[in-house]
Amino acid sequence: MTTPAAPDVLFDRQGPVATITLCRPEVLNAQTPQMWTALREFGRQLPGDVRVVVVRAQGRAFSSGIDLSVVKRTFAEMTSYSDDEVANRIAFFQEAFSWLRRPDLVSIAAVQGHAIGAGFQLALACDLRVVTDDAKFTMAEVTLGLVPDLTGTKRLVDLVGYGRALEICVTGRRVDAPEAYRIGLANVVVPGDELDRAVDDLAAAVLSANRDAVVEIKALLSGAGERDYPAQEAAEREAQVRRIRDLAGQGE
Ligand code: CAA
């Protein structure tokens, strides 16, 4: 099934794997509010039996960030909005990204070339990142006098630590693929022509695991930062009791 929802983003579903493809290669997949609206809608309508979501992009770059032609127009529009209206608009766009963290699925970004600003944050919204050896991550919002606001700041800190995250966001410098791997931003780095296969392999590995165990593991790990040791150990026990009961029930 292939559903064109916005001309610039495609949604494709093959059994338990859904694929989102950014398709504006002529502008290096620069992102527009229409694309965020479509992404948000994909998340809201995602069938419950999808287990893996792959976010990929056509052409030589994953995404060059917000479409610069939109920035000026958006600023002009927002001068007539109240603070709450601006915040609500941002919250709407954040929902295009945040659903990729959903506990019942594992999301994988397939990143080639540039991932800038909103593109970097889209890759960060995914649970895992498979990147090519020419990948370059840049949090360029600061160059526009802005902050990263599309859900990327927490995941970046969680992955690379506060000091590195601050330096990457404040300098707006490029992080190349070897560094991305070294600091925990990329799960795996592959040559350009092996990106699709590496993503397929990772998706297959996720699918070969027990779905309920994967959901419990994701909940345990993604919530670990907010829990102290006793709370985390309690969460492990509770999850394991559920698993044991479930597996025992299946064996009856
Ligand atoms: N918006 C609109 N068009 C873009 C674009 C963008 N973000 N990025 C690239 N393009 C267009 C270029 O204008 C060019 O179009 P033409 O062929 O019509 O001239 C085409 O894509 C190819 O780009 P380049 O020729 O520039 O390619 P390059 O390889 O020489 O450079 C690049 C690549 C370094 C990514 C450069 O294009 C660039 O710096 N782009 C701007 C990146 C940027 O600043 N993005 C905003 C990030 S901040 C953000 O995203 C904020 C937020 O969420 C609020």
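It should be emphasised that the depicted structure is a prediction, and the values quoted were computed from it without experimental measurement. Indexing begins at 1, ligand by ligand and atom by atom, following the structure's order.
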Give a table of atom pairs where an N or O of ligand 1 lies under 3.5 Å from a protein N or O.
residue  : atom   : partner : partner atom : Å
ligand 1 : 1 (N)  : Leu68   : N            : 2.9
ligand 1 : 7 (N)  : Ser64   : O            : 3.2
ligand 1 : 7 (N)  : Ser64   : OG           : 3.4
ligand 1 : 7 (N)  : Ile66   : O            : 3.0
ligand 1 : 8 (N)  : Ser64   : OG           : 3.0
ligand 1 : 27 (O) : Arg60   : NH2          : 3.1
ligand 1 : 29 (O) : Arg60   : NH1          : 2.8
ligand 1 : 29 (O) : Arg60   : NH2          : 3.3
ligand 1 : 45 (N) : Ser64   : O            : 2.8
ligand 1 : 50 (O) : Ile66   : N            : 2.8
ligand 1 : 50 (O) : Ala118  : N            : 2.9

Gln240 and Glu236: side-chain donor and acceptor closer than 3.5 Å?
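The criterion, which ignores hydrogens and geometry beyond distance, is not satisfied for Glu236 and Gln240.
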
By side chain to side chain donor-acceptor pair (under 3.5 Å), Glu141 pairs with (sequence neighbours left out) Gln121

Please table the atom pairs, donor to acceptor, closer than 3.5 Å between any side-chain atom in residues 148-156 and protein atoms at least two apart or in another chain.
residue : atom : partner : partner atom : Å
Lys154  : NZ   : Glu226  : OE2          : 3.3
Arg155  : NH1  : Leu124  : O            : 2.7
Arg155  : NH1  : Cys126  : O            : 2.7

Could you check whether atom CG of Asp83 has more than 12 heavy atoms from other residues, nucleotides or ligands sitting under 6.0 Å from it?
no

Name the residue from Arg101, Lys218, Arg102 that meets the side chain to side chain donor-acceptor pair (under 3.5 Å) definition with Asp127.
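That would be Lys218; it is the only one of Arg101, Lys218, Arg102 passing the side chain to side chain donor-acceptor pair (under 3.5 Å) with Asp127.
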
Residue list, salt bridge (charged side-chain N to carboxylate O under 4.0 Å, His left out) with Glu95, at least two apart or on another chain:
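Result, salt bridge (charged side-chain N to carboxylate O under 4.0 Å, His left out) vs Glu95: Arg40.
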
